[in-house]
Amino acid sequence: MREHLVIFDTTLRDGEQSPGASMTMEEKVRIARQLERMGVDVIEAGFPAASRGDFEAVRAVAEAVSNSTVCGLARAIEADIDRTGEALQINQNVRIHTFIATSPIHMKNKLRMSPDQVIDQAIKAVKWARQYTDNVEFSPEDAGRSEIDFLCRVLEAVIDAGARTLNIPDTVGYTMPDQFGGLIRTLRERIPNSDKAVFSVHCHNDLGLAVANSLFAVMNGARQVECTINGLGERAGNAALEEVVMAVRTRQDYFPCDTRIDTTQIVPASKLVSGITGFPVQPNKAIVGANAFAHESGIHQDGVLKHRETYEIMRAEDVGWGANKLLLGKHSGRNAFRSRLKELGIKLESEEKLNAIFMRFKDLADKKHEIFDEDLHALVSDEAQIPEEHYRLLSLHAVSETGEIPFAQVVIAVGGSEKQAESEGSGPVDATFRAIEKILDSRAELQLFSVNNITSGTDAQGEVTVRLQKAGRIANGHGADTDIIAASAKAYLSACNKLHSSLERTHPQI
Ligand code: KIV
Ligand code: ZN
């Protein structure tokens with residue numbers, strides 16, 4: 001019997017700490033449902049004490065998810081832990097993850113605490129968290145640069161206090177794989193009560209070693225890996241879930257353990273996260289990049305055609321490529337539509353919402369013959385972004401002609417009234433955004449404009465992400481349409497709606 005490797009996904013917490021990757025509550029719930037469908041053991045849903053938005057999002061995820069443990073992060077401070085316990089109380093299957101830094105540089109310069117004070121606070125925090133749940137995880141932040149004797153003392157003490165998972169973070173992505181593997185082995189050997197806890201790792205990718213470090217740790221006894229979809233995360237990101245899972249699954253001859261991940265859900269999860277955050281996946285990214293299974297050279301193609309395994313160590317369909325089968329077309333009825341949304345784990349709060357999205361599906365099916373799962377996700381994303389649309393695109397007329405200055409005219413509903421403006425620009429998108437700004441006068445700074453084709457073919461919908469920043473608040477807006485100028489206008493307005501909405505929150509910071 002193989003040992004179980006726990007997959008702890010932190011896309012919604014550390015992933016969201018990627019500059020610009022903030023997500024709305026509804027988007028977080030959608031990602032959480034996909035993680036649950038994929039078989040992730042623990043979903044770290046956020047950091048409830050960071051903001052009201054994070055608190056609400058953790059609570060919403062705890063309410064929506066039943067087959068994965070839902071976890072909230074808290075500093076080793078009673079008030080943070082109380083807030084986390086409160087956000088999670090709606091669900092029985094929860095975990096509190098508390099942390100405090102243990103490296104000399106962090107203790108001296110950031111915490112301004114002595115090592116003994118840090119130990120005391122860590123013990124108090126774990127005991128405090130145990131009031132809410134038996135499932136408590138402790139992280140000595142910056143463990144990769146902590147002194148080994150001190151680390152052993154802290155970890156032994158927190159196990160005695162009731163921590164059941166010990167997570168060893170390489171917070172700044174500094175360690176080398178054999179060094180990090182050795183650290184895990186040493187801790188397990190030297191800490192007298194180490195058998196009472198599961199050892200976990202949380203590696204950052206500053207030197208491009210997050211996955212390698214995690215796998216070395218697994219070979220040295222770690223039985224939980226913290227990771228994110230597409231390797232999203234603070235700075236250069238975290239270990240990519242898809243790479244860790246597929247390395248362990250593909251090399252069962254090498255690893256003594258396996259995960260319970262349904263790998264066919266990996267590509268859909270990657271596309272969902274990329275669409276929501278607007279962070280495109282590089283084409284040559286392992287597992288989830290568009291070229292990950294594409295063979296260009298004649299020799300390779302010939303080899304694969306003769307015998308697939310000559311050049312392929314995994315099957316594209318096993319990680320979910322090609323799983324987005326053609327399913328619906330313009331003759332599909334409401335019931336087929338409803339049941340496909342259900343299969344995709346998309347829950348709509350009302351019959352009106354379903355009707356609205358169904359109408360848009362019909363419009364899309366008129367323009368585009370084949371509707372894929374990604375198209376449905378984009379439609380839902382477009383429709384369900386915010387509770388109420390303060391700004392709504394009523395019409396757009398954009399002109400782009402060789403030798404002429406691009407021009408756009410927009411009509412927008414603002415609250416109850418209709419406003420019109422026109423503008424020239426360096427291209428039709430620029431002209432459209434300028435015309436919108438003439439009406440909205442948002443003065444927000446455009447931080448990102450990205451266009452992705454949702455599926456292949458020239459009739460594909462373009463999914464546009466616009467990231468706006470204003471007064472320290474960041475909002476990602478999405479728009480999907482077969483006309484990318486219209487998709488751009490929708491994305492711009494959706495970001496403005498989020499900035500306008502009082503529910504939008506600031507980007508959480510630790
Ligand atoms: O990188 C880190 O140290 C963290 C901890 C909070 C686990 O994200
Ligand atoms: Zn981290």
Side-chain angles (χ1 to χ4, degrees), residues 6-19 21-22 42-51 54 58 69-77 80-81 83-84 87 95-107 109-111 118 121-122 125-126 129 135-146 150-151 154-155 158 163-175 180 183-184 187 197-211 213-214 217 222 224-241 244 507-510:
V6 175
I7 294 296
F8 176 115
D9 180 280
T10 182
T11 306
L12 302 179
R13 199 277 298 169
D14 213 321
E16 205 203 20
Q17 283 171 224
S18 310
S22 69
V42 186
I43 298 172
E44 188 164 59
F47 184 11
S51 68
D54 237 33
V58 172
T69 302
V70 180
C71 175
L73 181 70
R75 286 172 298 180
I77 295 175
D80 269 31
I81 295 168
R83 197 81 179 124
T84 308
R95 174 181 294 185
I96 294 179
H97 176 190
T98 185
F99 72 99
I100 188 165
T102 51
S103 63
I105 188 168
H106 277 232
M107 290 191 291
N109 301 301
K110 183 181 83 173
L111 298 176
V118 166
Q121 192 155 327
V126 169
N135 195 343
V136 174
E137 170 170 332
F138 174 79
S139 289
E141 191 191 6
D142 203 17
R145 292 188 300 170
S146 300
F150 180 59
L151 210 46
V154 177
L155 295 175
V158 294
R164 288 295 160 261
T165 301
L166 299 183
N167 179 47
I168 312 303
D170 182 17
T171 303
V172 290
Y174 179 71
T175 60
F180 194 62
L183 172 64
I184 302 301
L187 292 174
V198 172
F199 276 76
S200 164
V201 287
H202 175 111
C203 299
H204 278 273
N205 207 27
D206 299 69
L207 293 172
L209 294 169
V211 171
N213 282 346
S214 304
Q224 172 176 292
V225 174
E226 301 199 355
C227 43
T228 56
I229 302 292
N230 300 338
L232 213 63
E234 184 89 43
R235 305 182 309 280
N238 290 68
L241 177 146
V244 171
H507 188 64
Q509 296 293 344
I510 292 186

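If you're wondering where the values come from, they're calculated on a predicted model, not measured in any experiment. We count ligands from 1, going down the list as the structure has it; atoms in each ligand are counted the same way.
- There is a side-chain donor-acceptor pair under 3.5 Å between Asn213 and Thr175.
- Among the atoms of Asp14, an N, O or S atom is found under 2.8 Å from the Zn ion (ligand 2).
- Not a single N or O atom of Asn167, backbone or side chain, sits closer than 3.5 Å to an N or O atom of ligand 1.
- The closest side-chain donor-acceptor pair between Ser200 and Asn167 falls under 3.5 angstrom.
- Close approach to Glu141 involves these atoms of ligand 1, each under 4.0 Å from a residue heavy atom: 3 (O).
- In terms of heavy atoms, Glu141 sits closest to Ser146 at O-OG, 4.3 Å.
- When heavy-atom distances to ligand 1 are checked against a 4.0 Å cut-off, Thr171 comes that close through both its backbone and its side chain.
- Looking only at distances, no side-chain donor or acceptor of Asp14 sits under 3.5 Å from a matching main-chain atom of Gly233.
- Residue Arg13 touches ligand 1 through its side chain alone, judged by heavy-atom distances below 4.0 Å.
- Ligand-side atoms of ligand 1 in range of Ser139: 7 (C), range being under 4.0 angstrom from any heavy atom.
- Less than 4.0 angstrom separates some heavy atom of Asp14 from each of these atoms of ligand 1: 8 (O).
- The closest donor-acceptor contact from the side chain of His204 to the backbone of Gly237 lies under 3.5 Å.
- Of the heavy atoms in Glu226, none comes closer than 4.0 Å to ligand 1.
- A salt bridge is defined here as a Lys NZ or Arg NE, NH1 or NH2 lying under 4.0 Å from an Asp or Glu carboxylate O, and Glu226 with Arg13 fails to meet this definition.
- The two residues Ile168 and Phe180 have their closest heavy-atom pair at O-CZ, 3.5 Å.
- Near His204, the atoms of ligand 1 lying under 4.0 angstrom from a non-hydrogen atom of the residue are 1 (O).
- The atom of His204 that is an N, O or S and sits closest to the Zn ion (ligand 2) is NE2.
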